[in-house]
Number of protein chains: 2
Amino acid sequence: MHSHTEENYLKALFLLSQENGKVTVLSLSRHLNNKMPSVNSMMKKLAEKKLVKYKSYQPLELTEKGKKEAALILRKHRLTEMYLVEKMGFGWENVHEIAEQVEHIQSKAFFDKMDEILGFPKFDPHGSPIPDKNGIIEWYNYTHLNDCISGENVVLMAVTHTSDEFLKYLNKVNLNLGTQIKILEREDFDQSMKLILNSGTEITLSAAASRNLLVKKQNSRQK
Amino acid sequence: MHSHTEENYLKALFLLSQENGKVTVLSLSRHLNNKMPSVNSMMKKLAEKKLVKYKSYQPLELTEKGKKEAALILRKHRLTEMYLVEKMGFGWENVHEIAEQVEHIQSKAFFDKMDEILGFPKFDPHGSPIPDKNGIIEWYNYTHLNDCISGENVVLMAVTHTSDEFLKYLNKVNLNLGTQIKILEREDFDQSMKLILNSGTEITLSAAASRNLLVKKQNSRQK
DNA sequence: TTTATTTGTTAGACAAATCTAATATATTAA
DNA sequence: TTAATATATTAGATTTGTCTAACAAATAAA
Ligand SMILES: [Mn+2]
Ligand SMILES: [Mn+2]
Ligand SMILES: [Mn+2]
Ligand SMILES: [Mn+2]
């Protein structure tokens with residue numbers, strides 16, 4: 001198996017390349033709070049293990065093997081987050097740090113049990129897809145809320161930014177996964193949006209907030 | 001906080017001194033599958049941190065601070081084992097390895113939640129006491145089954161040896177914590193015991209087995 | 001197209017945790 | 001009480017993961 005540290009590098013590389021396409025030594029070093037030389041030598045080490053394709057001054061890339069390993073760690077992370085929320089009563093803003101540690105536990109049975117108890121969930125508490133046992137991720141194609149127009153009915157499906165502060169803010173304005181939203185108005189000037197939730201509450205979101213929300217469009221008849 | 005490794009040393013030293021009184025460098029090295037020089041240098045390091053009293057060629061001892069830290073790790077270990085058995089459906093023979101890893105997770109909230117969900121248990125699935133939040137252990141005073149005599153009624157309260165093989169053996173002969181036992185016969189020759197369980201099954205245990213079982217004596221009227 | 005800036009690499013140091021080999025002390029047996 | 005054995009310590013090497021400082025390459029600005 002791989003060390004705790006190697007696993008964190010693999011996962012970070014996997015996530016960064018999904019978000020931003022090309023991953024550089026600098027971006028990875030920032031993501032992990034490490035210096036560039038540390039990243040550089042770890043990349044060489046992982047290249048030795050055939051998990052990373054490394055060529056000097058070229059963008060970093062995972063091999064197929066590396067992608068699978070990374071996805072399986074991500075699977076453990078997201079299953080854990082789901083378990084913490086669904087079965088232990090944690091809020092979605094308090095699970096990431098714990099999952100960051102639990103994801104390194106080496107026990108097939110432990111995560112299989114979690115999976116089973118949760119009923120084989122497809123998404124984590126933030127709406128991110130949970131890779132399957134082969135590391136395959138089923139991609140959703142949702143719309144960013146800030147790309148929606150006035151009058152549309154949507155349901156909140158995922159958040160693409162998961163800082164504690166943002167999640168706590170969403171709690172405060174009563175936005176949870178599954179919340180039905182109708183867009184009342186979209187301000188051209190600053191792209192802020194006035195929304196009404198199915199609960200009846202009206203809220204206004206800045207573009208900075210709505211950019212991080214993924215929604216599914218509803219037929220207007222499904223009120 | 002302390003490293004994963006330091007925590008394992010602390011816990012091992014704590015457990016060994018409870019079992020055997022004096023702990024030597026050799027015994028600790030065997031317990032941890034490390035060589036003596038590794039133990040030696042870790043003891044010096046922990047002495048620096050005021051967790052261990054170290055004097056050359058003297059038995060190893062924890063300081064009060066060291067005892068508390070060790071007990072708190074043991075608390076996390078035993079809470080985890082209890083959680084795995086009670087809330088996730090693991091058998092008591094399959095939880096130790098997982099708990100050995102989970103005990104190092106740094107999150108007060110995580111273990112507080114476990115504790116709460118379990119209803120603040122006092123014992124783990126093997127009947128060992130769970131240290132409280134201050135690291136205080138409440139000692140039971142049970143009897144070893146092999147010290148009991150013919151005709152006595154007892155209840156199985158704890159096992160003092162917890163290898164997978166022994167626990168699986170106990171499963172096979174239907175001995176669980178809480179099982180009521182009547183001693184039918186005790187063979188002087190080899191100290192083997194013939195027992196009858198409240199389920200009605202009759203079994204015969206070797207001294208090697210009964211030595212590892214702690215029982216509570218019952219008034220004979222409580223059948 | 002030179003120059004400046006950013007990004008990436010190499011070299012070398014360091015702390016943590018481990019080991020082997022050599023040596024010292026303590027204990028047990030003769 | 002000496003010799004043999006068991007236990008403990010020291011010295012020094014090794015692996016892993018990190019860092020800083022110096023240098024090299026690529027990119028952006030002038
Ligand atoms: Mn997370
Ligand atoms: Mn992690
Ligand atoms: Mn255990
Ligand atoms: Mn452990």
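Quantities reported herein were computed from a predicted structural model and do not represent experimental measurements. Below, each value reflects all heavy atoms present in this structure, side chains not excepted, and no hydrogens, waters or symmetry copies. Every chain is numbered from 1, with letters handed out A, B, ... down the list of sequences.
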What is the distance from [atom1] of [X] to [atom2] of [N], rounded to the nearest Å?
X       : N      : atom1 : atom2 : value
B/Lys35 : C/dT23 : NZ    : P     : 20 Å
A/Asn34 : D/dC19 : CG    : C1'   : 10 Å
A/Glu48 : D/dT15 : CD    : P     : 14 Å
B/Met42 : C/dT18 : CE    : C1'   : 10 Å

Candidate list B/Lys216, B/Lys217, B/Arg186, test salt bridge (Lys or Arg N to Asp or Glu O under 4.0 Å), partner B/Glu152, passing option
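The option that passes is B/Lys217.
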Do any side-chain atoms of residues 108-121 of chain B form donor-acceptor pairs under 3.5 angstrom with protein atoms, and if so which ones, sequence neighbours left out?
| from | atom 1 | to | atom 2 | distance (Å) |
| --- | --- | --- | --- | --- |
| B/Lys108 | NZ | B/Asp112 | OD2 | 2.7 |
| B/Asp112 | OD1 | B/Lys133 | NZ | 3.4 |
| B/Asp115 | OD2 | B/Arg75 | NH2 | 2.9 |

Looking at every strand, decide which applies to B/Ser38 at a 4.0 Å heavy-atom threshold: base, sugar-phosphate, or nothing.
base
How would you list, by chain and number, every residue that makes a side chain to side chain contact (heavy atoms under 4.5 Å, CB included) with A/Ser163, sequence neighbours excluded?
A/His161, A/Glu165, A/Phe166
If only atom types and distance count, is the side chain of A/Arg78 paired as donor or acceptor with the main-chain N or O of A/Pro129 below 3.5 Å?
yes
Shorter than 3.5 Å, N or O on both sides, protein versus nucleotides 6-13 of chain D: list them out with atom names.
| from | atom 1 | to | atom 2 | distance (Å) |
| --- | --- | --- | --- | --- |
| D/dA8 | OP2 | B/Leu26 | N | 2.7 |
| D/dT9 | OP1 | B/Tyr54 | OH | 2.6 |
| D/dT9 | OP1 | B/Tyr57 | N | 2.9 |
| D/dT9 | OP2 | B/Asn40 | ND2 | 2.2 |
| D/dT9 | OP2 | B/Tyr54 | OH | 3.4 |
| D/dT9 | O5' | B/Asn40 | ND2 | 3.0 |
| D/dT9 | O5' | B/Tyr54 | OH | 3.4 |
| D/dT10 | OP2 | B/Lys44 | NZ | 2.1 |

If I compare all heavy atoms of A/Leu51 with all of A/Glu69, which pair ends up nearest, and what's the gap?
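Answer, listing the atom of A/Leu51 first, then A/Glu69: CD2-CG, 3.7 Å.
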Enter the distance from A/Leu15:CG to A/Ile73:CD1 here, rounded to the nearest 0.5 Å.
10.0 Å
